[in-house]
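For reference, the structure is listed below as C-alpha cells.
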Protein chains: 2
Amino acid sequence: MTETTATLSRSETTTSKIIDAAKTLFVARNYADVTTDMIAGAAGVTKGGLYHHFPSKESLYCSMMLDDFESKRQLFSQSVDMKGTARQRLARLTGDFLALPAEERQLAGLVRRDINVFTGEDRDRLVRAYQLALPKQIEAIISDGIADGELAPADPRLLSWWFVSLVEVAVSRYADETLGNPDKRLDHVLALFFEGAEAKPVPATPNGGIQ
Amino acid sequence: MTETTATLSRSETTTSKIIDAAKTLFVARNYADVTTDMIAGAAGVTKGGLYHHFPSKESLYCSMMLDDFESKRQLFSQSVDMKGTARQRLARLTGDFLALPAEERQLAGLVRRDINVFTGEDRDRLVRAYQLALPKQIEAIISDGIADGELAPADPRLLSWWFVSLVEVAVSRYADETLGNPDKRLDHVLALFFEGAEAKPVPATPNGGIQ
DNA sequence: TATGAAACATACCGGTCAGTCGGTATGTAA
DNA sequence: TTACATACCGACTGACCGGTATGTTTCATA
C-alpha cells in the first residue's frame with residue numbers, strides 16, 4: 001500500500017510543494033530574479049533537498065510549465081470535444097480560463113516572457129506544449145467554425161493567435177483593475193472576435209439608428 | 001562647428017553604437033542574460049568605455065527604450081493628426097508599424113517582458129513612455145471613431161489594448177513566417193478589428209450565400 | 001607643439017548564485 | 001537489530017557579472 005491512487009509518496013509531496021512554490025515566485029518575478037534558495041525556502045526545504053528532486057533550475061522550471069500546460073490542455077480539450085457552435089465552444093473555453101485563479105492564468109503568459117532563457121530541446125518542448133494547450137485547441141474550434149460557414153474563410157492559425165491575444169488581454173492585471181465583471185468581459189471578448197468593433201446599423205428597432 | 005545638425009560628435013557616435021548593440025542583444029535575450037561585456041563587445045568598446053557613457057546597466061536599458069518610444073511616438077502621431085476615418089488613420093498607423101524593420105517592431109514588446117526588472121521611478125517612466133507611444137495614440141483615434149459613430153460605443157482604453165494586441169500578433173515572428181505579404185496582413189488586421197471573424201451573408205451576389 | 005580634458009582600455013573587487021558534496025535523518029525490508 | 005535505500009541538510013566553491021579605480025590614448029584648442 002505504498003502507492004495507491006490518491007496517496008502521495010513523501011517524494012511526490014515535496015516535489016509538488018517545490019513546484020507550487022516555484023509557480024508563485026516565477027509568476028511574480030523574472031526567471032533570473034528567482035533564486036533556487038528562494039524556491040527551496042518557500043517550499044520548506046533547503047537547496048540540497050531541491051537538487052535531490054530536480055537536476056537543475058532549468059529542469060525545475062520546465063517541469064513546472066509542462067505540468068501546467070498539460071493540465072490546461074486537458075481542461076480545454078473538453079471545450080474542443082463539446083458539441084455546439086464555435087461561439088458556444090469558445091465561450092466555454094474562455095469561461096474555463098477566466099474561472100482559473102489569477103496565478104494559473106498568468107502562467108500561460110510566462111512562456112512569452114521567459115522563452116529566451118531556454119535553447120534547443122527544452123525550448124522546443126515548452127513551445128510545443130504551450131501550442132497544444134492553447135492555440136492548437138482554439139484553432140481546432142475555429143477550423144470547425146470555418147468549415148461550417150459560421151466563420152468567414154481565413155487562416156485558422158492566425159485567427160487562433162488573435163483570439164489567444166484577446167483572451168490574454170482580457171485576463172491581464174490591467175483588465176482585472178478596469179473591468180469588474182468577468183462574465184461581461186467574456187461577452188465582450190467574444191463579441192469583438194465575432195462581430196468586430198464597427199458600429200452596426202440597428203436593423204429593426206423603431207428608432208432605427210438614431211442614437 | 002563642433003555640433004551642427006547632421007554631424008555627430010565622437011561621444012554621440014559611440015553612445016549610439018552602444019545603444020544599437022544593446023537593442024539587438026536585448027531583443028534576442030532576456031535582460032539578465034545580456035551582460036555589459038556583451039553589449040560593449042558588440043559595440044566595439046570595452047566595459048570601461050560603456051560605463052563612461054552610462055552610469056548603470058539599467059539606465060542604459062532605459063535610455064534605449066525611451067529613445068525608441070519617443071521616435072515611435074513621433075512616427076505614429078502623424079496618423080493621429082491625419083484627417084480621415086478612424087479606419088483610414090489606423091491603417092496608416094499600422095502600416096507605418098509594419099514597415100519598420102523587425103527589430104524595431106519587437107522592441108515595443110520588450111516592455112511587457114522586462115518590466116518586472118525595474119521598480120519605482122524607472123518603471124513608471126518606461127510604462128508612461130510606452131503608453132504615449134502606442135496605446136494612447138490608438139486610443140485617441142478610437143475615441144474619435146466612437147464619437148463619430150464609426151465604432152460601437154465601448155471603453156476606448158480597452159479597445160486600444162485589443163487593437164495593440166492584434167497588431168503585435170500581426171508583426172510577430174510567427175506572422176512573418178506564415179503570412180507573406182505585409183499589405184494583405186494589414187487588410188486582415190483591420191478587417192478583423194472592425195468587422196470581426198463572423199461569416200457575413202453576402203448581400204447582393206447572384207449565388208447568394210451558397211458556397 | 002604643448003596641454004588638458006574627454007574618451008577609452010585594463011585590471012580588479014565585492015557580491016551573488018547555481019550547483020556540489022559529505023554527512024545525517026527517516027523509513028523499510030530481512 | 002542489522003543492512004540498505006531514499007530523503008534531506010547545510011556549508012562550501014567556482015564562475016560570473018555589475019561596477020570601480022587607475023592608467024593610457026585621442027584630439028581640439030591655445
Side-chain angles (χ1 to χ4, degrees), chain A residues 1-4 7-23 25-26 28-65 114 116-123, chain B residues 1-4 7-22 24-26 28-65 114 116-123:
Chain A
M1 213 210 282
T2 48
E3 183 81 23
T4 51
T7 305
L8 292 176
S9 71
R10 187 163 155 220
S11 176
E12 286 168 329
T13 304
T14 55
T15 296
S16 70
K17 271 200 299 186
I18 290 170
I19 285 190
D20 285 344
K23 277 183 186 175
L25 290 168
F26 280 127
R29 306 200 65 77
N30 283 331
Y31 178 83
D33 290 343
V34 177
T35 70
T36 52
D37 274 321
M38 289 167 62
I39 301 173
V45 292
T46 61
K47 193 156 65 173
L50 187 151
Y51 273 89
H52 175 72
H53 293 280
F54 299 95
S56 70
K57 186 186 178 186
E58 291 200 357
S59 79
L60 163 57
Y61 185 95
C62 279
S63 295
M64 178 192 81
M65 293 303 283
D114 294 331
N116 285 326
V117 172
F118 301 91
T119 55
E121 190 88 10
D122 281 341
R123 185 195 175 102
Chain B
M1 214 209 281
T2 47
E3 182 82 20
T4 51
T7 305
L8 292 177
S9 69
R10 182 153 79 122
S11 176
E12 287 168 329
T13 303
T14 55
T15 296
S16 70
K17 271 200 299 185
I18 290 171
I19 285 190
D20 285 344
T24 308
L25 290 168
F26 279 127
R29 304 198 68 75
N30 283 331
Y31 178 82
D33 290 343
V34 177
T35 70
T36 51
D37 275 320
M38 289 166 62
I39 301 173
V45 292
T46 60
K47 192 159 63 173
L50 187 152
Y51 273 89
H52 177 73
H53 293 281
F54 298 95
S56 70
K57 185 187 178 186
E58 292 201 357
S59 79
L60 163 58
Y61 185 94
C62 280
S63 295
M64 178 193 82
M65 293 305 282
D114 294 331
N116 284 326
V117 173
F118 301 92
T119 55
E121 191 87 10
D122 281 340
R123 185 195 175 103

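Just so it is clear: chains get the letters A, B, ... in the order the sequence lines come, proteins before strands, and each one is counted from 1. These numbers come from the heavy atoms of this one structure, side chains and all, not from hydrogens, waters or symmetry mates.
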Contact nearer the 5' end of DNA chain C, comparing A/Thr36 with A/Gly48 = A/Thr36
For the pair made of CG in B/Asp33 and P in C/dA18, what is the distance, rounded to whole Å?
-> 12 Å
Shortest non-hydrogen contact between B/Lys47 and B/Ala40, atoms and distance | N-CB, 3.7 Å
Of all the choices, C/dC17, C/dG19, D/dG18, which nucleotide is nearest to the side chain of A/Ser56 once you look at every atom?
-> C/dG19
With the side chain defined as heavy atoms from C-beta on, B/His53 is closest, among C/dG19, D/dC8, C/dC8, to C/dC8
Could you state the CZ-C1' distance from A/Phe54 to D/dC8, rounded to the nearest angstrom?
-> 14 Å
Test A/Leu60 against A/Leu50 for side-chain contact (heavy atoms from CB on, under 4.5 Å), laying out the working first.
-> CA-CA 9 Å; A/Leu60 163 57; A/Leu50 187 151; 4.3 Å; yes
Return no unless some side-chain N or O of B/Thr14 is found under 4.0 Å from OP1 or OP2 of C/dC8.
-> yes
Could you state the atom-to-atom distance from CD1 of B/Ile18 to P of C/dA7 in whole Å?
-> 11 Å
Want to settle it: does B/Glu58 or A/Leu50 sit nearer the 5' end of DNA chain D, counting the closest nucleotide to each?
-> A/Leu50
Indicate yes or no: at least one non-hydrogen side-chain atom of A/Thr36 is less than 4.5 angstrom from one of A/Tyr51.
-> yes
Rounded distance (Å) that lies between atom P of D/dA15 and atom CG of B/Asp37 = 17 Å
Integer-rounded Å distance: D/dG19 P and B/Tyr61 OH = 15 Å
If you take all heavy atoms of A/Ala42 and A/Ala21, which pair is closest and at what distance?
-> CB-CB, 3.8 Å
Sorted by position of nearest nucleotide on DNA chain C, 5' first, the leading residue of A/Lys57 and B/Val45 is B/Val45
How would you label the contact of A/Thr46 with the nucleic acid (heavy atoms, under 4.0 Å): base, sugar-phosphate, or nothing?
-> base
In whole angstrom, give the distance that lies between atom NZ of B/Lys47 and atom P of D/dG19.
-> 9 Å
Begin from the C-alpha positions of A/Asn30 and B/Asn30 and carry the test side-chain contact (heavy atoms from CB on, under 4.5 Å) through to its verdict.
-> CA-CA 9 Å; A/Asn30 283 331; B/Asn30 283 331; over 6 Å; no
Is the shortest side-chain N/O distance from A/His52 to OP1 or OP2 of D/dC8 below 4.0 Å?
-> no
From CG of B/Asn30 across to C1' of D/dC16 the rounded distance in Å is 17 Å
Could you state the CG-C1' distance from B/Leu25 to D/dC17, rounded to the nearest angstrom?
-> 15 Å
